[in-house]
Peer 1: 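Next up is a structure, given as structure tokens.
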Amino acid sequence: MQPTVTRIAPSPTGDPHVGTAYIGLFNSVLARQGGGKFILRIEDTDQNRYVADSEKRIFQMMQWLGLTPDESPLQDGPNGPYRQSERTELYGQHAQQLVEGGHAYYAFETPDELTELREKAQASGTVIAVPSRDLDPEQAARRVAAGDAAVVRLKVPHDGETVVNDLLRDPIHFQNAEIDDKVLLKADGYPTYHLANVVDDHLMGVTDVVRAEEWITSTPIHVLLYRAFGWDAPRFAHMPLLRNADKSKISKRKNPTSVEWYMDQGYLPEAMLNFLATMGWTHPDGTEIFDLDEFQRTFKLEDVTLGGPVFDQDKLRWYNGKYLREVLSEEEVVKRLHDYLLAHKSELPLDDYFRAVTRLLIPRIEVFSDFLDKTGYYWSEDYPVNEKAQKAIDNARELLPELAGRLKNLPSFDAESISAMFHAFAEEKGLKLGKVMPPVRAAVAGTLESPDLPQMLEALGQERVVSRVERAGR
RNA sequence: GGCCCCAUCGUCUAACGGUUAGGACACUACCCUUUCAAGGUAGCGAUACGGGUUCGAAUCCCGUUGGGGUCACCA
């Protein structure tokens, strides 16, 4: 068996897309399983939609996920260049080769003419017939030589059918009569996706083309191209499309689709990867939590399920929280959270206090961006006091001065001692704990929803606690 | 609309002709408890429909319905 060579071929037209990450995951793992290579190729053949930094951001996304390609424009490699805009002569040559072999032809129709032809074809229920197809090849070649604007089109057979073999489904039959003569080389000299993709996949030795389902209908064109070139076609597998909640193809309007958004919200790459892996696939043991290595050990393409999976933000958040609580070590979470905050212009020092607060918050946040929202009172004396908290203080203000005194006199300000103090106090006064703790909680946190009180007080430290309780008692 | 793909709880899915159709997220209740979480337990909840094939169909076949994709000198 020859090594598996896979690729992703995103076009640099905007934000690094979660669908690219999704398809990249499977391609990367397949290549590793097959002892081959995973290539990142940039399909920048549309000059109108080109976004300058997009290519770099796609690469950074892959790195962040731990899916760094083996070859890419940023690393180079034996199959370069990896930017299609730098391979234009190649496509020109190959297009010409097809014209000479009678598999393609020069076409001179203007956009307006094409629109008209398309309308006519639509009305008669047939595929567009391009008049240039019947031009004398030599005459056409002369017109091109003379400088007439022309595109190169594939000469799709009028009869027969083209079969697409897909690793994930039964052979798909397409009637050739229903495939139109696709443009291969545009008038600006750039190739279209169809030509560039086939030429590059072949030249780069790609053995397995794993891409999204939306490509199924253009695959017969690719099969026809491989045949016209006399090349063996790679194996094809079309993955289901990630979906919005309404089942439509995942889109920016209905879902965050930029992986940078997830980075910015403080999602962990491990959680994102784990979640993505469950879109269309389940671990054979039913395990929900598994890492990339485990995925690589157990993944089988044939186990992929074809119903379009809805990209469920709730489930992703749950995964992220799970990783925070159960997969990463506490120290690792501390470190990553601190890095995250640093990148988001927070200047909290990475000290024992930060560690203590983080420890209390780990079960209470799902993503890092939740953290500051829930911890204001740890960092400043100027924290908001909500209505319920104010009420709790007002209702038990008379207890506060004495409580402050007891807290102040505690020789050891640890959770256990603090807890003992509360119990003793409550018993002495004949009060329930539920009567004495809320006002203190409200005083130090400004809210009634916060971590375990003794632990929280220990973390805050005696000085802060005493002054806050004293202040609230006045 | 033509062509193509798909179809189990609201969502992600398990089952690969024989199960009380299982798990996870979400939701609800209870437990734990000083609140909020986390955790634990329980509950709610699905084979789209109609025909076949078979002793037996979520599973195989056909049709219907539904959803999605695609029909560019975009990828």
Side-chain angles (χ1 to χ4, degrees), chain A residues 9-13 43-46 48-49 107 109-111 114-115 118 121-122 125-128 149-153 164 166 168-170 172-175 178-180 182-194 196-197 212-220 238 240-241 243 245-249 275 278-284 286-289 305-319 321-322 325-326 360-366 374 388-389 392 419 422-423 426 432-438 440-442 445 447-454 456:
Chain A
S11 51
T13 51
E43 309 234 341
D44 56 347
T45 55
D46 184 351
N48 300 319
R49 299 207 301 157
E109 284 72 17
T110 63
L114 286 170
T115 307
R118 242 189 298 278
Q122 187 109 42
T126 55
V127 107
I128 183 170
V151 299
V152 173
R153 284 180 182 272
V164 171
D166 186 298
L168 297 175
R169 51 205 113 212
D170 292 336
I172 307 167
H173 299 254
F174 293 89
Q175 295 305 311
E178 284 164 2
I179 304 171
D180 59 10
K182 283 278 180 288
V183 170
L184 264 22
L185 205 64
K186 304 180 230 178
D188 64 4
Y190 277 83
T192 59
Y193 172 81
H194 306 295
N197 153 74
E213 198 176 26
E214 55 186 331
W215 295 106
I216 287 183
T217 40
S218 49
T219 309
H238 292 90
L241 241 21
R243 310 295 183 99
D246 64 4
K247 291 282 189 179
S248 57
K249 172 163 103 171
F275 171 69
T278 65
M279 299 280 91
W281 185 81
T282 319
H283 191 289
T287 313
E288 305 282 341
I289 307 296
T305 249
L306 297 176
V310 171
F311 193 94
D312 183 359
Q313 297 286 338
D314 282 343
K315 187 79 174 267
L316 209 210
R317 283 184 69 91
W318 173 78
Y319 264 110
K322 201 78 173 163
R325 276 173 258 128
E326 295 177 14
L360 292 179
L361 266 293
I362 286 176
R364 295 175 172 82
I365 61 172
E366 282 186 312
K374 298 195 176 202
K388 281 183 180 174
S419 182
F422 276 115
H423 281 90
K432 287 191 173 157
L433 235 29
K435 239 357 191 192
V436 344
M437 281 179 155
V440 177
R441 185 187 298 281
T447 167
L448 257 19
E449 297 176 6
S450 61
D452 173 80
L453 187 62
M456 176 167 67

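As the structure is a prediction and not an experimental result, all values here were calculated from the model. Within every chain, numbering begins at 1; the chains are lettered A, B, ... in the order of the sequence lines, protein sequences first and strands thereafter. All values below were derived from every heavy atom in this structure, side-chain atoms included, with hydrogens, water molecules and symmetry-related copies excluded.
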Peer 1: Can you tell me how far P in B/A72 sits from the matching atom in B/U13, rounded to whole Å?
Peer 2: 31 Å

Peer 1: What's the spacing between A/Glu213 CD and A/Leu241 CG if we round to 0.5 Å?
Peer 2: 6.0 Å

Peer 1: Take atom CD of A/Gln313 and atom C1' of B/G10, then tell me their distance rounded to the nearest Å.
Peer 2: 16 Å

Peer 1: Spell out protein contact along nucleotides 28-40 of chain B as letters: B when the base is contacted, S when just the sugar-phosphate is, - when no protein heavy atom is under 4.0 Å; keep the 5' to 3' order.
Peer 2: ------BBBBSS-

Peer 1: Rounded to whole angstrom units, what separation is found between the CE atom of A/Met279 and the P atom of B/C12?
Peer 2: 7 Å

Peer 1: Sequence neighbours left out, what passes salt bridge (charged side-chain N to carboxylate O under 4.0 Å, His left out) with A/Lys182? Give chain and number order.
Peer 2: A/Asp180

Peer 1: Which residues satisfy the side-chain hydrogen bond (donor to acceptor under 3.5 Å, both in side chains) test with A/Asp452, sequence neighbours excluded?
Peer 2: none

Peer 1: Please give the nucleotide sitting opposite B/U19 as a Watson-Crick or G-U wobble pair, both distances under 3.5 Å, or none.
Peer 2: none

Peer 1: Looking across every strand, which nucleic acid part, if any, lies under 4.0 Å from A/Gly308 by heavy atom: base, sugar-phosphate, or nothing?
Peer 2: sugar-phosphate

Peer 1: Return the value, rounded to whole Å, for the distance between atom CD of A/Gln175 and atom P of B/C3.
Peer 2: 10 Å

Peer 1: Once you apply the 3.5 Å cut-off to both distances, tell me the Watson-Crick or G-U wobble partner of B/C30, or none.
Peer 2: B/G40

Peer 1: Mind checking side-chain hydrogen bond (donor to acceptor under 3.5 Å, both in side chains) for A/Thr287 and listing every partner two or more places apart, or none if nothing turns up?
Peer 2: none

Peer 1: Listed by chain and number, what are the salt bridge (charged side-chain N to carboxylate O under 4.0 Å, His left out) partners of A/Asp246, not counting sequence neighbours?
Peer 2: A/Lys254

Peer 1: List in chain and number order the residues that pass salt bridge (charged side-chain N to carboxylate O under 4.0 Å, His left out) with A/Glu109, two or more places apart in sequence or in another chain; answer none if no residue qualifies.
Peer 2: none

Peer 1: Using the C1' atoms only, state how far B/C44 lies from B/U11, rounded to an integer number of Å.
Peer 2: 15 Å

Peer 1: So what does A/Gly307 touch, heavy atoms closer than 4.0 Å: a base, only the sugar-phosphate, or nothing?
Peer 2: sugar-phosphate

Peer 1: Can you check the A/Tyr319 OH to B/A26 C1' distance for me, whole Å?
Peer 2: 14 Å

Peer 1: Give one of base, sugar-phosphate or nothing for A/Phe422, where a contact means two heavy atoms less than 4.0 Å apart.
Peer 2: nothing

Peer 1: What's the CG-P distance between A/Asp314 and B/C12, to the nearest Å?
Peer 2: 13 Å

Peer 1: Any strand is fair game: report the nucleotide pairing with B/C60 by Watson-Crick or G-U wobble, both distances under 3.5 Å, or none.
Peer 2: B/G52

Peer 1: Find which nucleotide of RNA chain B each of A/Asp312 and A/His173 is nearest to by heavy atoms, and output the residue with the more 5' nucleotide.
Peer 2: A/His173

Peer 1: Counting only heavy atoms from other residues, nucleotides and ligands, does the tally under 6.0 Å from NZ of A/Lys435 exceed 12?
Peer 2: no

Peer 1: Using whole Å, report how far CG of A/Asp170 lies from P of B/A7.
Peer 2: 11 Å

Peer 1: When rounded to the nearest Å, what value does the distance between P atoms of B/G23 and B/A15 take?
Peer 2: 15 Å

Peer 1: How does protein contact run along nucleotides 64-75 of chain B, one letter per nucleotide 5' to 3', with B for base contact, S for sugar-phosphate only, - for none, heavy atoms under 4.0 Å?
Peer 2: ---SSBS-SBBB

Peer 1: How would you list, by chain and number, every residue that makes a side-chain hydrogen bond (donor to acceptor under 3.5 Å, both in side chains) with A/Glu449, sequence neighbours excluded?
Peer 2: none

Peer 1: Tell me, please, which residues at least two apart from A/Glu288 pass salt bridge (charged side-chain N to carboxylate O under 4.0 Å, His left out).
Peer 2: none

Peer 1: Which base, if any, makes a Watson-Crick or G-U wobble pair with B/C3, both distances under 3.5 Å?
Peer 2: B/G69

Peer 1: Does B/C25 pair with anything, Watson-Crick or G-U wobble, both distances under 3.5 Å, and if so, with which nucleotide?
Peer 2: B/G10

Peer 1: Looking at residues at least two apart in the chain, or sitting in another chain, which of them share a side-chain contact (heavy atoms from CB on, under 4.5 Å) with A/Ala187?
Peer 2: A/Val151

Peer 1: Expressed as a whole number of Å, how far does the P atom of B/A57 sit from that of B/G52?
Peer 2: 12 Å

Peer 1: Just verifying a value: how many Å separate A/Lys432 NZ and A/Met437 CE, rounded to the nearest 0.5 Å?
Peer 2: 14.5 Å

Peer 1: Name the orientation class of the two ring planes belonging to A/Phe311 and A/Phe275 (parallel below 30°, tilted from 30 to 60°, perpendicular beyond 60°).
Peer 2: perpendicular

Peer 1: For A/Ser450, what residues pass the side-chain hydrogen bond (donor to acceptor under 3.5 Å, both in side chains) criterion, not counting sequence neighbours?
Peer 2: A/Arg441

Peer 1: Any strand is fair game: report the nucleotide pairing with B/A46 by Watson-Crick or G-U wobble, both distances under 3.5 Å, or none.
Peer 2: none

Peer 1: Between the protein and nucleotides 14-16 of chain B, are there any N/O to N/O pairs under 3.5 Å, and if so, what are the atom names and distances?
Peer 2:
unit_1, atom_1, unit_2, atom_2, d
B/A14, OP2, A/Thr305, OG1, 3.3

Peer 1: Taking B/A38 as the reference, what is the distance to B/U28 when you measure between their P atoms (whole Å, please)?
Peer 2: 12 Å

Peer 1: Take atom C1' in B/C9 and the same atom in B/G45, then report the distance between them in whole Å.
Peer 2: 5 Å

Peer 1: Which whole number of Å gives the distance between the C1' atom of B/U70 and that of B/G18?
Peer 2: 41 Å

Peer 1: Between B/C49 and B/G67, how far is it from one C1' atom to the other, in whole Å?
Peer 2: 15 Å

